[in-house]
J.: 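One structure, as structure tokens, below. Some questions next.
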Protein chains: 2
Amino acid sequence: MKMNSPAAVEALGALAQEHRLALFRLLVQAGAAGMPAGAIAKELKIPNSSLSFHLAHLTRAGLIQQRREGRSLIYTADYEAMNSLVSFLMENCCGGATCAPEAACGDDAAQPQGKVSA
Amino acid sequence: MKMNSPAAVEALGALAQEHRLALFRLLVQAGAAGMPAGAIAKELKIPNSSLSFHLAHLTRAGLIQQRREGRSLIYTADYEAMNSLVSFLMENCCGGATCAPEAACGDDAAQPQGKVSA
DNA sequence: GAACTATTTCGACGATCATAGAAATATCGC
DNA sequence: GCGATATTTCTATGATCGTCGAAATAGTTC
């Protein structure tokens, strides 16, 4: 995915909030298995309506994705977007000197290993 | 540097703004040489007062640092803070599977190579 | 198709943020 | 100390954001 300034601002803004940051990190750690909205709300201890607002915010920013599974909506972190964001932030780091691996995660390493009560 | 949730929220919030993001990336690319406030204002085409606001914001978030050089204040990106932030974001990525280099930039690679009119 | 569960949308409130001109502060060179 | 340059603080205004109860929507099961 190609990252640009407006998209990066949107993504960073989405992450710049306590609940959304915790939410995103939760999904990052959950791996490809993801988590249903209800479980997230319970984990983060916030009302469903608030969670929904934050989920929509992160989704709009392209940081997480949604899939339906039964009557639950499962959310997963978008590792590609995360990597793009990080790469964008570090672009030409240190004036072009080769110094950053520029991050890479999930593209082919995100195997499901978490528990999901599906 | 140890990163925690409030600090990460502050850092992300600082970056979640068009001008500040451009400013930070400019400094990231400027390397250890950094840039004086005036040059930044000219580069980003924003009023001094606005720039000062944004510089203070990024400084408070711990993402940039300031040093005096003559009558100019030189700002530099704090690569360590940037790396900490990225690492925090990717912590236990993919459920602990080894997949991310977790970023590294500047700690010993940020050699001055830009021009500074000192 | 009705009862049930999971999740989202609506609405209203208070709080925080971005902007930029004008005035104040700091440093320099003489 | 004075004039000049560099940067910050002050101040005011409009805009955006986070919260969460209540109602609405979507999907499941029988």
Side-chain angles (χ1 to χ4, degrees), chain A residues 5-27 30 33-61 63-76 116-118, chain B residues 5-24 26-27 30 33-61 63-76 115-118:
Chain A
S5 187
V9 167
E10 175 119 28
L12 291 165
L15 293 171
Q17 207 280 333
E18 178 163 0
H19 289 148
R20 285 195 297 269
L21 179 58
L23 164 45
F24 182 72
R25 297 215 315 146
L26 193 62
L27 292 182
M35 287 179 73
I40 300 172
K42 202 165 297 177
E43 176 76 27
L44 299 182
K45 297 189 180 67
I46 58 180
N48 285 339
S49 61
S50 295
L51 175 67
S52 189
F53 171 79
H54 293 307
L55 284 170
H57 205 319
L58 284 168
T59 302
R60 176 158 40 86
L63 287 168
I64 64 176
Q65 286 175 330
Q66 184 188 60
R67 72 170 189 275
R68 181 168 285 279
E69 202 160 289
R71 63 188 103 180
S72 292
L73 287 173
I74 311 289
Y75 287 90
T76 51
V116 74
S117 52
Chain B
S5 187
V9 167
E10 175 120 27
L12 290 164
L15 293 171
Q17 208 279 334
E18 178 162 2
H19 289 149
R20 284 196 297 269
L21 179 58
L23 164 44
F24 182 73
L26 193 62
L27 292 182
M35 287 180 74
I40 299 171
K42 202 166 296 176
E43 175 76 27
L44 300 183
K45 297 189 180 68
I46 57 179
N48 285 339
S49 62
S50 294
L51 175 68
S52 189
F53 171 79
H54 293 307
L55 284 169
H57 205 319
L58 284 168
T59 302
R60 175 159 39 87
L63 286 167
I64 64 176
Q65 286 174 329
Q66 184 189 61
R67 72 172 189 272
R68 183 168 282 279
E69 204 160 287
R71 63 188 104 179
S72 291
L73 286 173
I74 310 289
Y75 287 90
T76 51
K115 83 292 134 183
V116 73
S117 50

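In what follows, chains are A, B, ... by sequence order, proteins preceding strands, each numbered from 1.
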J.: When you measure from the side-chain N and O atoms of S49(A) to the phosphate of dC20(D), is any distance below 4.0 Å, counting only OP1 and OP2?
T.: no
J.: Closest heavy-atom contact between A61(B) and A14(B)?
T.: CB-CB, 3.6 Å
J.: Nearest whole angstrom, please: distance from the P of dA6(D) to the CZ of R67(B).
T.: 17 Å
J.: Distance from M35(B) atom CE to T76(B) atom OG1, nearest 0.5 Å?
T.: 12.0 Å
J.: Please write out each protein N/O paired with an N/O of nucleotides 13-19 of chain D under 3.5 Å, distance rounded to 0.1 Å.
T.:
{"residue": "dG18(D)", "atom": "OP1", "partner": "R20(A)", "partner atom": "NH1", "Å": "3.3"}
{"residue": "dG18(D)", "atom": "OP1", "partner": "R20(A)", "partner atom": "NH2", "Å": "2.6"}
{"residue": "dG18(D)", "atom": "OP2", "partner": "R20(A)", "partner atom": "NH1", "Å": "3.3"}
{"residue": "dG18(D)", "atom": "O3'", "partner": "Q17(A)", "partner atom": "NE2", "Å": "3.4"}
{"residue": "dT19(D)", "atom": "OP1", "partner": "H19(A)", "partner atom": "ND1", "Å": "3.3"}
{"residue": "dT19(D)", "atom": "OP2", "partner": "H54(A)", "partner atom": "NE2", "Å": "2.6"}

J.: So how far is it from E18(B) CD to L12(A) CG, rounded to the nearest 0.5 Å?
T.: 12.5 Å
J.: Side-chain contact, heavy-atom cut-off 4.5 Å: F53(A) with R20(A)?
T.: yes
J.: With heavy-atom distances below 4.5 Å as the criterion, would you say the side chains of L23(A) and L51(A) are in contact?
T.: yes
J.: Pick base, sugar-phosphate or nothing for E18(A), based on heavy-atom distances below 4.0 Å to the nucleic acid.
T.: nothing
J.: To the nearest angstrom, how far is L51(B) atom CG from dT9(D) atom C1'?
T.: 14 Å
J.: To the nearest 0.5 Å, how far apart are CG in L63(B) and NE2 in H57(B)?
T.: 10.5 Å
J.: Would you say the side chain of I40(A) lies within less than 4.5 Å of the side chain of L27(A), judging by non-hydrogen atoms?
T.: yes
J.: For DNA chain C, which nucleotides open and close the run of contacts to chain A, 5' to 3', at under 4.0 angstrom from a non-hydrogen atom?
T.: dT5(C) to dT9(C)
J.: What string of B, S and - do you get for nucleotides 23-30 of chain D 5' to 3' if you count protein non-hydrogen atoms under 4.0 Å?
T.: ----SSS-
J.: Is any side-chain heavy atom of R67(A) closer than 4.5 Å to a side-chain heavy atom of E69(A)?
T.: yes
J.: Does any part of the side chain of H54(A), heavy atoms only, come nearer than 4.5 Å to the side chain of I46(A), both counted from C-beta?
T.: yes
J.: Knowing that exactly one of N48(A), I64(A), L73(A) qualifies, which makes a side chain to side chain contact (heavy atoms under 4.5 Å, CB included) with L55(A)?
T.: I64(A)
